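Scope of the values below: all heavy atoms of this structure, side chains included, with no hydrogens, waters or symmetry mates. Residue numbers count from 1 along this sequence. Because the structure is a prediction, the values reported are computed rather than measured.
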Amino acid sequence: MNFTATVLGTGVAALVLVAKLQAAPEPGASLGAPLVGPGVVTVDPTMVGSVRASDAKPSAMRLIDLRSGESCKILGSRPNSGAFEPAPLLPDCSSSQLSRVSQWRAESDGTLEMADTHGETVMRFMPGDGVLYESVYPSDALVTIVPAKG
């Protein structure tokens with residue numbers, strides 16, 4: 001019985017200790033001194049700054065058809081919101097499904113719409129996760145838009 005009571009008491013004490021160690025600090029409580037010593041990695045601000053999010057818009061974007069692997073370049077980061085504007089597609093887009101695109105516009109909900117000369121929607125894109133845009137129309141299109149390099 002003493003053995004059982006000792007094991008049970010030790011187990012409860014361990015649970016209480018672990019719960020205290022895992023608890024979030026009280027608001028405004030000090031988190032203690034920073035870690036110091038030979039095993040601490042120093043942070044190089046130039047390296048950390050290189051992964052900071054940038055508000056700079058790309059000067060060109062690359063449209064990539066994920067089915068065929070074709071890609072082409074469009075100048076600019078996105079059109080103004082509202083009316084259609086001429087789409088600055090480069091000649092390398094003439095062999096893709098984007099060959100019909102002649103104008104584009106940004107919508108207030110964040111979508112990017114590309115249309116033909118008559119204003120009929122050819123493709124529609126939504127802001128993507130990990131990419132600038134992902135195609136949502138037509139439903140069988142698998143096109144992403146990423147910042148162009150160079």
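Considering only heavy atoms from C-beta on, V101 stays 4.5 Å or farther from C93 through its side chain. Looking at E113 and F84, their side chains come closer than 4.5 Å, going by heavy atoms from C-beta outward. Taking 4.5 Å as the limit, every side-chain heavy atom of V143 sits out of range of all side-chain heavy atoms of I64. Side-chain contact between W104 and P88: present, with at least one pair of heavy atoms (C-beta onward) separated by less than 4.5 Å.
With hydrogens and angles disregarded, a donor-acceptor distance shorter than 3.5 Å links the side chain of D116 to the backbone of E120. A donor-acceptor pair is defined here as one N or O able to donate and one able to accept, closer than 3.5 Å; no such pair exists between the side chain of R100 and the backbone of T121.
When the side chains of ILVMFWY residues are joined at heavy-atom separations under 4.5 Å, either directly or via intervening members, L66 and V131 end up in a single hydrophobic cluster. M114 and L75 are assigned to two separate hydrophobic clusters, defined by single-linkage of ILVMFWY side chains at heavy-atom distances under 4.5 Å.
Shown here are the salt bridge (charged side-chain N to carboxylate O under 4.0 Å, His left out) partners of E107, two or more places apart in sequence or in another chain: R105.
In this structure, CD1 on I74 lies 8.0 Å from CG on L98, to the nearest 0.5 angstrom. One finds the CZ atom of F125 at 8.5 Å from the OG1 atom of T144 (value rounded to the nearest 0.5 Å). Taking OG of S135 as the reference point, atom CE of M126 lies at 12.0 Å (rounded to 0.5 Å). Of the inter-residue distances, the one linking E85 atom CD with S102 atom OG reads 12.5 Å to the nearest 0.5 angstrom. Between the CD1 atom of I145 and the CG atom of L112 there is a distance of 5.0 Å, given to the nearest 0.5 Å. Remark: L63 CG to M123 CE distance equals 8.0 Å, nearest 0.5 Å.
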### Task
May I have the step-by-step check of side chain to side chain contact (heavy atoms under 4.5 Å, CB included) for K73 and D92, ending in yes or no?
CA-CA 7 Å; K73 198 171 183 180; D92 59 346; 4.1 Å; yes
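A donor atom on one side chain and an acceptor atom on the other are found under 3.5 Å apart for S71 and R62.
Scanning both residues, D129 and E134, for their nearest heavy atoms gives N-OE2, 3.7 Å.
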